[in-house]
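Side chains are part of it too, since the values below use all heavy atoms of this structure and drop only hydrogens, waters and symmetry mates.
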Amino acid sequence: MGKLIKNHWARLIILSAAAYQVAAAIEGFFWPKIFWDFLTKTLDGAVKPIPALQIINLVFGLFMFALEWPFPGLGGSAIHRSLEFRLAILPLTALSAALLYQATNPAIYYMIGMVVYFWAYSEGEIICATPWTLPQRGKGGSRV
């Protein structure tokens, strides 16, 4: 059996979270609700009358989906191959998802994906320029 390629696994988790976040943002336009409204009503202005949090979640969800799939313009670019960029943007995406009531599950998925990406980063994995491919071995023999 082969080794687990953690950045591919994390990519699938993030793709699931992004699709869920887009659906939650669209649902939030019809039923606006902040997750923390049982503690305070001061955050209600973020979801109604102007749906700012829903728009933020929609933009983040679409961007993460475009980054992870990847969108033809992003595939192979430096931003697509950067694990560091993903580790920097995922906390912001998870925070915006955690604030919207409908998007609390994607926030949990983003956190799990962030842990798996950090695991991949700490083991020195790279994201290949061609999406969904494996890194090529050198000509000098096998690499363990």
Side-chain angles (χ1 to χ4, degrees), residues 1-138 143-144:
M1 294 190 79
K3 290 178 64 175
L4 173 65
I5 302 172
K6 285 161 276 313
N7 69 58
H8 285 188
W9 181 35
R11 181 176 289 162
L12 292 172
I13 294 169
I14 300 298
L15 275 171
S16 301
Y20 198 151
Q21 185 179 21
V22 168
I26 292 170
E27 183 181 340
F29 285 113
F30 298 106
W31 297 284
K33 185 169 171 69
I34 197 88
F35 181 69
W36 305 101
D37 66 347
F38 58 90
L39 294 175
T40 180
K41 299 290 184 194
T42 57
L43 295 173
D44 283 351
V47 292
K48 57 186 173 186
I50 299 171
L53 192 56
Q54 294 92 318
I55 293 170
I56 291 169
N57 273 287
L58 185 63
V59 168
F60 269 135
L62 289 173
F63 177 73
M64 291 308 295
F65 198 77
L67 181 66
E68 298 294 345
W69 185 257
F71 191 70
L74 289 175
S77 66
I79 199 167
H80 174 256
R81 293 186 318 244
S82 175
L83 277 170
E84 295 88 356
F85 176 74
R86 284 176 167 85
L87 289 173
I89 197 75
L90 279 171
L92 298 172
T93 307
L95 176 66
S96 72
L99 291 174
L100 189 65
Y101 177 77
Q102 291 89 347
T104 53
N105 284 347
I108 295 168
Y109 300 159
Y110 280 131
M111 296 302 289
I112 294 169
M114 188 170 32
V115 167
V116 176
Y117 266 134
F118 183 74
W119 184 14
Y121 177 75
S122 65
E123 288 191 356
E125 283 190 13
I126 61 168
I127 297 176
C128 297
T130 306
W132 302 107
T133 59
L134 300 174
Q136 300 300 315
R137 293 186 179 177
R143 193 179 99 208
V144 180

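- Side chain of Ser16 to backbone of Leu12: a donor-acceptor contact under 3.5 angstrom is found.
- Summarising the geometry, atom CD1 belonging to Ile5 is positioned 8.0 Å from atom SG belonging to Cys128; distances are rounded to the nearest 0.5 Å.
- Side-chain contact between Ile13 and Tyr117: absent, with no pair of heavy atoms (C-beta onward) separated by less than 4.5 Å.
- Residue Tyr121 places its OH atom among 12 or fewer non-hydrogen atoms of other residues, nucleotides or ligands, all under 6.0 Å distant.
- Other residues, nucleotides and ligands contribute more than 12 heavy atoms inside 6.0 Å of the CG atom of Leu43.
- Shown here are the salt bridge (charged side-chain N to carboxylate O under 4.0 Å, His left out) partners of Glu27, two or more places apart in sequence or in another chain: there are none.
- For Lys33, the salt bridge (charged side-chain N to carboxylate O under 4.0 Å, His left out) partners at least two apart in sequence or on another chain are Asp37.
- Distance check, rounded to the nearest 0.5 Å: CG of Leu95 to CG of Leu92 gives 7.0 Å.
- Counting heavy atoms from C-beta outward, Asn57 and Val22 have side chains that stay 4.5 Å or more apart.
- Legend: residues meeting side chain to side chain contact (heavy atoms under 4.5 Å, CB included) with Ile56, ordered by chain and number and at least two apart, are Phe60, Ser96.
- Remark: side-chain polar atoms of Thr93 are paired, donor with acceptor, to backbone N or O of Ile89 under 3.5 angstrom.
- Applying the salt bridge (Lys or Arg N to Asp or Glu O under 4.0 Å) rule to pairs touching residues 80-91 yields Glu68-Arg86, sequence neighbours excluded.
- For His80, there are no ring pair (Phe, Tyr, Trp, His ring centres under 6.0 Å) partners at least two apart in sequence or on another chain.
- By the side chain to side chain donor-acceptor pair (under 3.5 Å) test, Trp119 pairs with Glu123, sequence neighbours left out.
- Residue pairs meeting the salt bridge (Lys or Arg N to Asp or Glu O under 4.0 Å) criterion with at least one partner in residues 95-112, sequence neighbours excluded, do not occur; the list is empty.
- Taken from CG in Leu83 to CZ in Phe118, the straight-line distance is 11.0 Å, to the nearest 0.5 Å.
- The salt bridge (Lys or Arg N to Asp or Glu O under 4.0 Å) contacts involving residues 47-61 comprise nothing, where partners must be two or more places apart or lie in separate chains.
- Shown here are the side chain to side chain contact (heavy atoms under 4.5 Å, CB included) partners of Leu99, two or more places apart in sequence or in another chain: Ile34, Trp36, Leu53.
- Counting non-hydrogen atoms of neighbouring residues, nucleotides and ligands closer than 6.0 angstrom, the CZ atom of Phe85 exceeds 12 such neighbours.
- Annotation: side chain to side chain donor-acceptor pair (under 3.5 Å) contacts involving residues 105-115, sequence neighbours excluded, comprise Tyr20-Asn105, Gln21-Tyr110.
- Partners of Thr104 according to the side chain to side chain contact (heavy atoms under 4.5 Å, CB included) rule, which considers only residues two or more places apart in sequence or in another chain, are Phe35.
- Rounded to the nearest 0.5 angstrom, Phe30 CZ and Gln102 CD are separated by 11.5 Å.
- Scored by the side chain to side chain contact (heavy atoms under 4.5 Å, CB included) test, Ile126 finds Pro135 as partners (sequence neighbours excluded).
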